[in-house]
**Q** 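This structure is in structure tokens; I'll ask about it shortly.
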Amino acid sequence: MKLGILCSGGDAPGMNPVIRSIVRCANSLGHETVGIRRGYRGLIEGDFVPLSSREVGGILDRGGTILLSSREERFKSLEFRERAYENLKRERIDALIVLGGEGTFRGAELMAEEAGISVIGVPCTIDNDVGGTQYCIGYDTALRNAVEAIDRIRDTASSHERVFVVEVMGRNRGFIAVEAGLATGAELILVPEEDFPKEKIPEEIKKAKGIGKLHFIIVVAEGYCSAQELKEFLLEQVGDRYGEVRATVLGHLQRGGIPTHTDRIMGMKFGEVAVEAVLSGEKAGFVAYDRGRFYIEDFKKAQEFKELDWEALRLSRRLNL
Ligand code: F6P
């Protein structure tokens with residue numbers, strides 16, 4: 001059997017360990033593997049590269065993806081998908097494993113229906129927002145990056161007795177904000193899933209400063225509002241009455257860097273399950289993880305709303321006295 005592998009959408013640290021695992025698991029069972037560069041763009045353009053055991057050596061500790069990634073709008077059009085299917089046929093690829101988030105899985109589902117080959121997804125996104133799976137590759141590393149950065153910000157925030165607004169990624173979800181905020185003891189966490197009125201923030205700052213807190217750190221998910229917008233709002237409402245206000249956007253710093261051991265190990269496990277799924281004749285679906293168990297989930301499940309860890313948010317508010 002010949003298996004194609006591609007990465008699509010935003011890269012996620014841990015994609016390389018997934019690729020290594022797929023290649024080596026498949027090769028060890030006598031199957032061939034080929035990489036497709038730049039995700040769906042490479043499928044459309046026929047950009048295939050040989051990928052065997054040696055080519056995936058020395059990549060466990062590399063962030064990003066050796067296969068490159070892209071967000072390819074053309075894949076939404078049947079005309080371009082048909083071009084991709086011809087390339088798959090010409091290359092004699094029997095099955096595809098696609099690494100990415102729910103957007104990637106929409107394309108994967110279409111391909112499984114239209115091209116008649118087996119397509120298995122591996123959830124990879126720092127946002128951890130794919131429905132139907134508790135974990136997505138890249139999330140742990142993004143959290144490590146965000147926590148390290150916020151810890152550093154706290155040092156300067158305390159020394160200058162400032163109010164700091166730190167914007168984290170997450171698209172329209174607050175997974176990174178909640179866990180990074182709880183782990184760093186942020187005074188306030190703002191997420192798009194909760195309707196926390198901005199008007200209440202000055203009161204929260206006043207309370208914290210009133211009990212002797214040196215700093216006030218707000219971790220805001222990009223989906224709630226931008227750090228700049230919040231900073232301007234606070235300046236308008238309280239000026240520097242409770243300390244100077246500063247805003248930092250962590251941005252893509254969160255997405256890069258050496259994958260954590262969790263992302264490496266989860267990546268290897270996800271990769272193995274994907275290969276086994278293809279070999280056992282699964283036609284379509286993605287590898288999901290829940291409470292220690294890996295299984296194949298319907299692609300449609302990826303679009304479902306995944307509950308935030310409300311307990312973590314509640315705990316952060318309880319502990320931030
Ligand atoms: O989906 C991953 C992610 O990093 C989001 O958190 C963020 O909103 C988006 O991608 C940024 O996209 P880009 O890298 O295209 O600017």
**Q** Is K209 salt-bridged to E187, cutoff N-O under 4.0 Å?
**A**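 Not counted as a salt bridge, because no side-chain N and carboxylate O are separated by less than 4.0 Å.
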**Q** Do V34 and I93 come close enough that some side-chain heavy atom pair is under 4.5 Å?
**A**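 Yes - at least one pair of side-chain heavy atoms lies under 4.5 Å apart.
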**Q** Quick check on R246: does its CZ atom have over 12 non-hydrogen neighbours (other residues, nucleotides or ligands) under 6.0 Å away?
**A**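 Atom CZ in R246 is crowded, with more than 12 foreign heavy atoms closer than 6.0 Å.
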**Q** Keeping the roles fixed (side chain from E102, backbone from G131), state whether a donor-acceptor pair exists under 3.5 Å.
**A**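 The answer is no, because no donor-acceptor pair under 3.5 Å joins these two groups.
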**Q** Between E282 and I120, is there a side-chain heavy-atom distance shorter than 4.5 Å?
**A**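 Of all side-chain heavy-atom pairs linking E282 with I120, at least one is under 4.5 Å.
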**Q** May I ask you to decide whether K198 forms a salt bridge with E229, counting only side-chain N to carboxylate O separations under 4.0 Å?
**A**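 Looking at K198 and E229, the cut-off is met.
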**Q** L188 and side-chain contact (heavy atoms from CB on, under 4.5 Å): which partner among V163, I201, V165?
**A**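 One option only clears the test, and that one is I201.
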**Q** May I ask you to decide if R293's main-chain N or O and D290's side chain share a donor-acceptor pair within less than 3.5 Å?
**A**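 No, because the side chain of D290 does not come within donor-acceptor range (under 3.5 Å) of the backbone of R293.
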**Q** Counting heavy atoms not belonging to K300, are there more than 12 under 6.0 Å from its NZ?
**A**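 Incorrect, the count does not exceed 12.
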**Q** Side-chain contact test, heavy atoms from C-beta onward, threshold under 4.5 Å: evaluate it for Y224 versus V191 and give yes or no.
**A**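 The answer is no, as the side chains (C-beta and beyond) never meet within the 4.5 Å cut-off.
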**Q** Short question: side chain of Y40, backbone of T104 - any donor-acceptor pair under 3.5 Å?
**A**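 Side chain of Y40 to backbone of T104, a donor-acceptor pair under 3.5 Å: yes, one is there.
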**Q** If you define the side chain from C-beta out and look only at heavy atoms, does anything of F286 sit under 4.5 Å from F299?
**A**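 Yes - at least one pair of side-chain heavy atoms lies under 4.5 Å apart.
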**Q** Could I get the full list of salt bridge (charged side-chain N to carboxylate O under 4.0 Å, His left out) partners for K89, not counting sequence neighbours?
**A**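 Residues passing salt bridge (charged side-chain N to carboxylate O under 4.0 Å, His left out) with K89: none at all.
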**Q** Treating R81 as the side-chain partner and K76 as the backbone partner, does any N or O pair qualify as donor plus acceptor under 3.5 Å?
**A**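 Indeed, once roles are kept as given, a pair shorter than 3.5 Å links the two residues.
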**Q** Does L182 belong to the same Ile/Leu/Val/Met/Phe/Trp/Tyr cluster as W310, with side-chain heavy atoms less than 4.5 Å apart forming each link?
**A**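 No; tracing contacts between hydrophobic side chains, which count when under 4.5 Å, never links both residues.
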**Q** Would you confirm whether S316, through its side chain, and L313, through its main-chain N or O, come within 3.5 Å as a donor-acceptor pair?
**A**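 Yes; at least one donor-acceptor contact below 3.5 Å.
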**Q** I'd like to know if D127 and R173 make a salt bridge, using a cut-off of under 4.0 Å between side-chain N and carboxylate O.
**A**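 Looking at D127 and R173, the cut-off is not met.
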**Q** Using the six-membered ring of F75, assess whether NZ or CZ of R83 lies under 6.0 Å from its centre and within 45 degrees of the ring axis.
**A**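 No.
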**Q** What about Y135 and Y289, are their ring centers closer than 6.0 Å?
**A**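 Between Y135 and Y289, the centre distance exceeds or equals 6.0 Å.
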**Q** Could you grab the distance from atom CD1 of I218 to atom CG of L234, nearest 0.5 Å is fine?
**A**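 Here the interatomic distance stands at 5.0 Å.
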**Q** Any side-chain heavy-atom pair from V168 and V219 closer than 4.5 angstrom?
**A**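 Side-chain contact under 4.5 Å: yes.
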**Q** For the pair R41 and D47, find out whether any cationic side-chain nitrogen is under 4.0 Å from an anionic carboxylate oxygen.
**A**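 Judged by the 4.0 Å cut-off on N to carboxylate O distance, R41 and D47 do not form a salt bridge.
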**Q** Considering only NZ, NE, NH1 and NH2 on the basic side and carboxylate oxygens on the acidic side, decide whether R154 and D151 come within less than 4.0 Å.
**A**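 Salt bridge present between R154 and D151.
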**Q** When you check the side-chain N and O atoms of R144 and T260, is any donor under 3.5 Å from an acceptor?
**A**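 The answer is no; no qualifying pair exists.
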**Q** Assess whether side-chain contact (heavy atoms from CB on, under 4.5 Å) is satisfied between L230 and L190, documenting all intermediate values.
**A** CA-CA 11 Å; L230 197 51; L190 298 170; 3.6 Å; yes
**Q** Using a strict threshold of under 4.0 Å (side-chain N to carboxylate O), is an ion pair present between K301 and E304?
**A**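 Yes, this pair counts.
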**Q** Are D129 and K306 close enough for a salt bridge, meaning some N to O gap below 4.0 Å?
**A**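 So D129 does not pair with K306 through a salt bridge.
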**Q** Is it true that the side chains of N27 and T33 contain a donor and an acceptor less than 3.5 Å apart?
**A**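 Present: a donor and an acceptor within the cut-off.
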**Q** With D140, which residues qualify under salt bridge (charged side-chain N to carboxylate O under 4.0 Å, His left out), at least two apart?
**A**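 None.
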**Q** Would the number of heavy atoms belonging to other residues, nucleotides or ligands and lying under 6.0 Å from CD1 of I117 be above 12?
**A**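 More than 12 heavy atoms, drawn from other residues, nucleotides or ligands, come within 6.0 Å of this atom.
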**Q** Would a 4.5 Å heavy-atom cut-off, applied to side chains only, mark L43 and N87 as touching?
**A**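 No - every pair of side-chain heavy atoms lies 4.5 Å or more apart.
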**Q** Can you pull the salt bridge (Lys or Arg N to Asp or Glu O under 4.0 Å) pairs that have at least one residue in residues 249-272, sequence neighbours excluded?
**A**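 For residues 249-272, and leaving out neighbouring residues, the salt bridge (Lys or Arg N to Asp or Glu O under 4.0 Å) pairs sorted by first residue read D11-R255.
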**Q** Decide, yes or no, whether a salt bridge links R38 with E72 under the criterion of side-chain N to carboxylate O below 4.0 Å.
**A**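 Looking at R38 and E72, the cut-off is not met.
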**Q** Determine, for R74 against E45, whether the closest basic-nitrogen to carboxylate-oxygen distance falls under 4.0 angstrom.
**A**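 A salt bridge links R74 with E45.
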**Q** Of all heavy-atom pairs between S21 and G267, which one has the smallest distance, and what is that distance?
**A**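 Minimum heavy-atom contact is CB-O, 4.3 Å.
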**Q** May I ask you to decide if A227's main-chain N or O and E167's side chain share a donor-acceptor pair within less than 3.5 Å?
**A**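 Yes: the side chain of E167 pairs with the backbone of A227.
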**Q** Salt bridge or not for E194 and R317, using N-O below 4.0 Å?
**A**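 Yes, this pair counts.
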**Q** I'd like to know if the side chain of K213 pairs up with that of N320 as donor and acceptor (distance under 3.5 Å, no hydrogens or angles considered).
**A**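 Checked: K213/N320 side chains show no N/O donor-acceptor pair below 3.5 Å.
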**Q** Taking the six-membered ring for Trp, is the centroid-to-centroid distance between F294 and F270 below 6.0 Å?
**A**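 Ring-ring flag for F294/F270: true, centres closer than 6.0 Å.
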**Q** Can you check whether M268 reaches R24 side chain to side chain, under 4.5 Å on heavy atoms?
**A**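 M268 does not reach R24 side chain to side chain.
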**Q** In terms of ring plane angle, is the pair F175 and Y139 parallel, tilted or perpendicular, where the classes change at 30° and 60°?
**A**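 Rings of F175 and Y139: perpendicular, over 60°.
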**Q** Please test N128 against I176 for side-chain contact (heavy atoms from CB on, under 4.5 Å), starting from the C-alpha separation and ending with a verdict.
**A** CA-CA 8 Å; N128 200 30; I176 297 178; over 6 Å; no
**Q** Answer whether the closest heavy-atom distance between the side chains of I66 and M15 falls below 4.5 Å.
**A**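 Result no, sub-4.5 Å side-chain heavy-atom pair not found.
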**Q** Donor-acceptor pair, distance only, cut-off 3.5 Å: does the side chain of E55 make one with the backbone of S52?
**A**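 Flag set: sc E55 to bb S52 pair under 3.5 Å.
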**Q** Between E179 (side chain only) and L143 (backbone N and O only), is there a donor and an acceptor less than 3.5 Å apart?
**A**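 Absent.
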**Q** Salt bridge between K200 and E203, side-chain N to carboxylate O under 4.0 Å?
**A**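 Answer for the salt bridge query: no.
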